[in-house]
2 protein chains.
Amino acid sequence: MKPPKYKLIAEFIKSKLESMIWQEGYKIPSETELATQFSASRMTARKAVDEMVNLGLLERVPSVGTFVRSILPQSSLLEIKNIADEILSRGHTHKMTVLSKLLLVPNDAIAISFSLQNKNVFKIIIIHFENDSPIQLEERYVNAEKVPFFLQQDFSKITAHQYLTSVAPLTEADISVEAVMPTKILKHNLQLNDNTPCLKVTRSTYSNGQPISYVVLYHPANKFRLTSAYRTAQ
Amino acid sequence: MKPPKYKLIAEFIKSKLESMIWQEGYKIPSETELATQFSASRMTARKAVDEMVNLGLLERVPSVGTFVRSILPQSSLLEIKNIADEILSRGHTHKMTVLSKLLLVPNDAIAISFSLQNKNVFKIIIIHFENDSPIQLEERYVNAEKVPFFLQQDFSKITAHQYLTSVAPLTEADISVEAVMPTKILKHNLQLNDNTPCLKVTRSTYSNGQPISYVVLYHPANKFRLTSAYRTAQ
DNA sequence: TAGTGGTCTAGACCACAAA
DNA sequence: TTGTGGTCTAGACCACTAG
């Protein structure tokens with residue numbers, strides 16, 4: 001299984017960018033030059049450049065050349081925050097209760113969302129309290145292979161999210177947000193009235209391409225808002 | 001200026017998706033077939049398919065074929081996107097109705113959120129439709145001093161957001177998301193049942209420190225998800 | 001005029017899946 | 001065995017920019 005040639009060229013470009021040898025605004029070798037350098041056809045070199053352009057790392061200027069783009073600090077947009085820290089930063093007290101802990105093989109829906117099939121996962125359900133009032137129900141699935149000691153943690157000392165990021169650095173995440181009506185169980189656990197909708201946040205996290213955790217968070221809508229700030233570069 | 005051949009092929013595919021002739025899961029003609037049909041080489045047909053795959057509308061399965069992807073209505077929280085483009089990129093039709101347009105001095109709540117006091121703002125209310133079904137109510141306040149010709153735009157040709165970014169480049173934004181129960185008016189306009197919660201997105205946008213627009217977007221929860229992807233810098 | 005990216009062709013070989 | 005997508009080649013012509 002050898003990688004295709006265009007991947008090699010793309011890796012070459014990436015390494016130049018990572019090592020900062022090619023800095024912002026630098027004009028990279030023309031497609032013809034890259035092709036010659038790698039004994040490839042121009043179409044193949046172009047495909048490598050295509051990939052980097054799609055990633056937003058390079059920018060083409062017709063008739064002129066291809067240049068290193070300025071980097072946008074996009075990661076700060078929706079920070080993956082720790083609920084304990086957030087509550088403490090509001091000057092409130094944080095408490096949690098673990099409702100259940102177990103080891104299982106995920107059902108289809110979870111497995112597909114989480115790209116884990118026929119693998120063991122841990123499941124844990126936690127309720128978080130802010131000043132003794134429930135503010136979040138956390139239903140979390142964790143890749144048991146990658147994080148074998150997950151269930152042995154004392155979650156009153158370290159949150160699940162804190163522990164996971166310490167074991168496997170968070171590199172990618174997919175987040176989705178919906179508004180839902182709570183189920184009976186949810187209503188009971190979050191001490192909700194009849195007509196209170198919930199914010200449902202679903203998040204899959206990955207560490208270097210490996211799925212680590214799939215979590216569904218429910219927040220009573222009258223107590224919670226998800227916020228995010230956006231800033232362009234410069 | 002005639003469009004390149006691969007664009008024609010891409011448009012052909014897009015039209016099949018928009019008209020729902022090719023539905024979810026449908027296996028589209030092979031690259032070779034497309035090439036023959038358009039008297040193009042396979043590489044050119046492939047480039048058209050590439051484009052649709054990158055847009056997330058098609059999915060390749062090696063050795064088997066290329067298929068129409070299932071589409072969940074979702075929107076990016078991170079990127080400030082244009083709802084019309086998003087709907088179109090799902091192969092659906094977009095329509096809008098302007099409910100009201102006016103010039104006013106903002107009340108306190110709006111003024112504070114929007115850091116505009118004693119200044120004129122335009123207010124506009126728009127309903128967006130995806131395939132004739134209402135998907136978003138947009139209640140927007142615009143800084144009249146910075147964007148004097150806002151109300152004169154034809155919003156069936158350009159969305160409010162498109163026009164604003166063309167006049168004043170978006171540099172900062174604050175976004176917040178809540179789950180709420182719809183008011184009577186909202187229920188009526190979004191054609192909602194009694195028990196459908198709404199996702200309420202509030203966004204303030206700025207251009208180089210100047211407030212440009214404050215917008216509240218309501219989405220029926222059964223039709224909408226907000227999503228976002230997170231990637232660390234390399 | 002020389003160099004660049006944008007497009008395009010008409011072939012080719014491969015690995016893989018389905019019949 | 002056939003058809004598919006994945007990769008690749010060695011040319012080509014174009015419009016455009018810059019020296």
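Worth saying up front: this structure is predicted, and the values here are computed from it rather than measured.
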Discussion item. Taking side chain to side chain contact (heavy atoms under 4.5 Å, CB included) as the criterion, tell me which of A:H219, A:Q136, A:E138 meets it with A:V201.
Written reply: A:H219

Worksheet entry | Closest approach of B:K95 to B:D132 (non-hydrogen atoms, all atoms of both residues) | NZ-OD1, 3.2 Å

Worksheet item: Using the ring of each side chain (for Trp, its six-membered ring), is B:F155 parallel, tilted or perpendicular to B:F150, with breaks at 30° and 60°?
Response: tilted

Worksheet, complete the sentence: By nearest-nucleotide position on DNA chain D, the 5'-leaning member of A:P4 and A:P62 is A:P4

Practice prompt. For C:dC8, take OP1 and OP2 only and decide whether either is under 4.0 Å from a side-chain N or O of B:S41.
Written response: no

Discussion item. Among C:dA10, C:dG6, C:dA17, which nucleotide has an atom closest to any side-chain atom of B:M43?
Written reply: C:dA10

Fill in: Residue-phosphate contact under 4.0 Å: B:K5 side-chain N/O, C:dT9 OP1/OP2
yes

Discussion item. Does A:K200 qualify as a cation-pi partner of A:Y218, given the criterion of NZ or CZ under 6.0 Å from the six-membered ring centre and within 45 degrees of its axis?
Written reply: no

Discussion item. Categorize A:T66 for me: base, sugar-phosphate, or nothing, with a 4.0 angstrom heavy-atom threshold over every strand shown.
Written reply: sugar-phosphate

Worksheet item: Between B:S63 and C:dC16, does any side-chain N or O lie under 4.0 Å from OP1 or OP2?
Response: no

Worksheet item: Where the side chain of A:Y6 is defined as all heavy atoms beyond and including C-beta, which of C:dG6, D:dT4, D:dC8 is the nearest nucleotide?
Response: D:dC8

Worksheet item: Across all strands, who's sitting opposite D:dG19 as a Watson-Crick or G-U wobble pair, both distances under 3.5 Å?
Response: none

Worksheet entry | Touch class at under 4.0 angstrom, heavy-atom based, for A:V49 against every strand present | nothing

Fill in: Nucleotide of D:dG5, D:dT9, C:dG6 approaching B:E31 most closely (side-chain heavy atoms)
D:dG5

Worksheet entry | Upstream residue (5' side of DNA chain D) when B:P29 and A:A45 are each assigned their closest nucleotide | B:P29

